[in-house]
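All remarks here apply to the structure that follows.
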Protein chains: 2
Amino acid sequence: MQNNLVDQPEVLGLRERKKRARREALIDATHRLVGEHGLDAVTVDAICEEAGVSVRTFFNYFETKDDAALGHTPWQLGSAAAETFAAGGPTGLLMADLQALVVSFLTDPPIGRERLARAMELAAKEPRLVARHMAWFEQHKGQLSALVERRLGQDGPHSPEMVGSVLLFLTHATFLRWDAAGGHGAADEHLSAVVTELRSILSD
Amino acid sequence: MQNNLVDQPEVLGLRERKKRARREALIDATHRLVGEHGLDAVTVDAICEEAGVSVRTFFNYFETKDDAALGHTPWQLGSAAAETFAAGGPTGLLMADLQALVVSFLTDPPIGRERLARAMELAAKEPRLVARHMAWFEQHKGQLSALVERRLGQDGPHSPEMVGSVLLFLTHATFLRWDAAGGHGAADEHLSAVVTELRSILSD
DNA sequence: TGCAACTTTGCAGTGAACGCACTTTTGTGT
DNA sequence: ACACAAAAGTGCGTTCACTGCAAAGTTGCA
């Protein structure tokens, strides 16, 4: 149940390895400096100096400074879990399968748990980052809707956009709950709690 | 059921009227130019020239250029509907009262329906605006959580953050549905449809 | 080894956004 | 009608995020 891109070779070429190393170096440099001085007091120049890279290169990797702090990586929906979902699995029940998908997102994030945790730590202190993160979510809603549409068809009982939004909502809410618990506990337990509470609110 | 600030006098002073006129002039100028040339091709300078105002003044009104396009206005939760909600009304049933609150938000938006519609029209073509709009929502989640907490207390069965998130979700989803329908139909009907579909998805 | 594809980098430029000090406008009390 | 305080508008200078372009360096492959 891994969340990687499709067709990923077992061993990466030098080029690809260097790219990843640089991206991580930039993220780590950003985390170090921002953690110490705050987001606004750190310039892109400073980050690049810390990471030993030119400014121009920085912007080859990240669209914005904030993206580096969040570790936002160009993302394509393409995990095995997504394919399973589109094909109608794993259980065949929509809600259960949505939950499986959410768990797969959270269990295997694109930048690793530690970096993710550090990014969220910063985001808690820098509201702008939360906003940017929501924006990033929003940009990928189209992909989620498309995925849902592959599963349900256009003639399904639910609108793909709505289901996509729910998917996003559950992911975000679960993540917040997990983070509020200090990063402890399994993703699927937090998700279950979220779903239960959501149902309860809606039926009050 | 109006969505105004508390303590708003019946007749506004010259100062306040001018301020509103300027803000609206800036929004309208932004809409005109952006509608014609696109968001990135329009500079703040150009907007200010169109509106007959200095650039520095522009930034006294809006934090960013994008905010002007969206008509984002400094916002304080303070409508009569919000007070009613906090006090446990109007029906006493949580979900019904949440819906009443959403309807009050959508029925009486801070910048008027036409401008709101134009802003959304632009946002449909400029993804960045959608992102910024989400960010704006996010910034006000704290206020919503606080409102919910006033109603439920900390010892209630639901976490205020969760209920606040639901409130936001419903508002946003209803708005999208309303917009997709070309701005036709009553807010509460769209909201009901959204709630119904949400319940249906969750119980699948 | 050499060529093609990809990456990095420097440079110069654009334009958003802010701090500050100064002028103009508005509200108010006399 | 006038003066004075508070608020709003404005010009200037600065910082810095971000971009396009073309040159130089790296890597993959035959």
Side-chain angles (χ1 to χ4, degrees), chain A residues 7-27 29-30 33-34 37-70 72-74 126-129 131-132 135-136, chain B residues 7-27 29-30 33-34 37-70 72-74 126-129 131-132 135-136:
Chain A
D7 284 339
Q8 193 174 58
E10 291 305 307
V11 63
L12 280 58
L14 175 58
R15 201 163 255 169
E16 201 60 24
R17 264 182 293 136
K18 269 195 162 180
K19 238 167 118 171
R20 295 202 176 193
R22 266 217 226 271
R23 166 166 283 120
E24 291 178 356
L26 282 168
I27 294 173
T30 307
L33 293 176
V34 172
H37 305 106
L39 188 58
D40 290 314
V42 173
T43 67
V44 174
D45 284 274
I47 295 171
C48 294
E49 196 166 344
E50 175 93 359
V53 167
S54 86
V55 179
R56 201 57 190 76
T57 299
F58 179 95
F59 286 106
N60 287 341
Y61 282 90
F62 302 102
E63 285 186 21
T64 67
K65 182 172 75 171
D66 296 3
D67 282 337
L70 291 167
H72 281 170
T73 234
E126 308 273 3
R128 246 177 52 211
L129 291 183
R132 180 85 193 170
W136 186 81
Chain B
D7 284 339
Q8 194 174 59
E10 291 306 307
V11 63
L12 280 57
L14 174 58
R15 198 165 258 171
E16 200 60 23
R17 264 181 293 136
K18 268 197 161 179
K19 239 167 118 172
R20 298 202 173 192
R22 280 238 156 120
R23 165 166 284 119
E24 292 179 355
L26 282 169
I27 295 174
T30 306
L33 293 176
V34 173
H37 305 107
L39 187 58
D40 289 315
V42 173
T43 68
V44 174
D45 285 275
I47 295 170
C48 294
E49 196 166 345
E50 175 93 1
V53 166
S54 87
V55 179
R56 202 59 190 75
T57 297
F58 179 96
F59 286 106
N60 287 341
Y61 281 90
F62 302 102
E63 285 186 23
T64 67
K65 183 172 73 172
D66 296 3
D67 283 336
L70 290 167
H72 281 170
T73 234
E126 308 273 3
R128 247 178 50 212
L129 292 182
R132 179 86 193 169
W136 185 81

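Per chain, numbering begins at 1; letters A, B, ... match sequence-line order.
Partners of B:Phe58 under the ring-ring contact (aromatic ring centres under 6.0 Å, His included) rule, at least two apart in sequence or in another chain, are B:Phe62. For A:Glu24, the side-chain contact (heavy atoms from CB on, under 4.5 Å) partners at least two apart in sequence or on another chain are A:Arg115. Taking the side-chain contact (heavy atoms from CB on, under 4.5 Å) definition, one finds that A:Glu50 meets it with A:Ala29, A:Arg32, A:Leu33, sequence neighbours left out. A search for side chain to side chain donor-acceptor pair (under 3.5 Å) contacts involving A:Asp67 returns A:Thr64, A:His72, A:Arg132, not counting sequence neighbours. Remark: A:Ser54 pairs with A:Thr57 by the side chain to side chain donor-acceptor pair (under 3.5 Å) rule, at least two apart or across chains. Every residue meeting the side-chain contact (heavy atoms from CB on, under 4.5 Å) condition with B:Asn60, not counting sequence neighbours, appears here in chain and number order: B:Arg56.
At the phosphate of C:dT7, neither OP1 nor OP2 sits under 4.0 Å from any side-chain N or O atom of A:Tyr61.
Taking the C1' atoms of five terminal pairs at each end of the helix from C:dT1-D:dA30 to C:dT30-D:dA1, the two resulting helix axes are inclined by 30°, rounded to 10°.
One can place CZ of B:Phe59 at 6 Å from P of C:dA16, the figure rounded to the nearest angstrom. When rounded to the nearest whole Å, the span between CZ of B:Phe58 and C1' of D:dA8 equals 17 Å. When rounded to the nearest whole Å, the span between CG of B:Asp40 and C1' of D:dG20 equals 15 Å. Going from atom CG of B:Asp66 over to atom P of C:dG15 covers 15 Å, rounded to whole Å. The CZ-C1' distance, from A:Arg128 to C:dA17, rounds to 12 Å in whole Å. Note: NZ (B:Lys19) to P (C:dT24) measures 21 Å, nearest angstrom. Protein atom CZ of B:Arg20 is 18 Å distant from nucleotide atom P of D:dA7, rounded to whole Å. Between the CG atom of A:Leu39 and the P atom of D:dC16 there is a distance of 13 Å, given to the nearest Å.
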Please write out each protein N/O paired with an N/O of nucleotides 21-23 of chain C under 3.5 Å, distance rounded to 0.1 Å.
none

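Counting heavy atoms from C-beta on, the side chains of A:Glu49 and A:Asp45 never come closer than 4.5 Å. Taking 4.5 Å as the limit, some side-chain heavy atom of A:Val42 sits within range of a side-chain heavy atom of A:Ile47. Side-chain contact between B:Val44 and B:Phe59 is present, with at least one heavy-atom pair separated by less than 4.5 Å.
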* To do: Summarise protein proximity over nucleotides 10-15 of chain D in one line of letters, 5' to 3': B for base, S for sugar-phosphate only, - for none, counting protein heavy atoms closer than 4.0 Å.
  => BBB---

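Once rounded to the nearest 0.5 Å, the distance linking NZ of B:Lys65 with OG1 of B:Thr30 reads 9.5 Å.
Nearest to the side-chain atoms of A:Lys18 among the listed nucleotides D:dA17, D:dA8, D:dT27 stands D:dT27.
Listed here is the closest heavy atom pair of B:Asp66 and B:Leu39: OD1-CD2, 3.9 Å.
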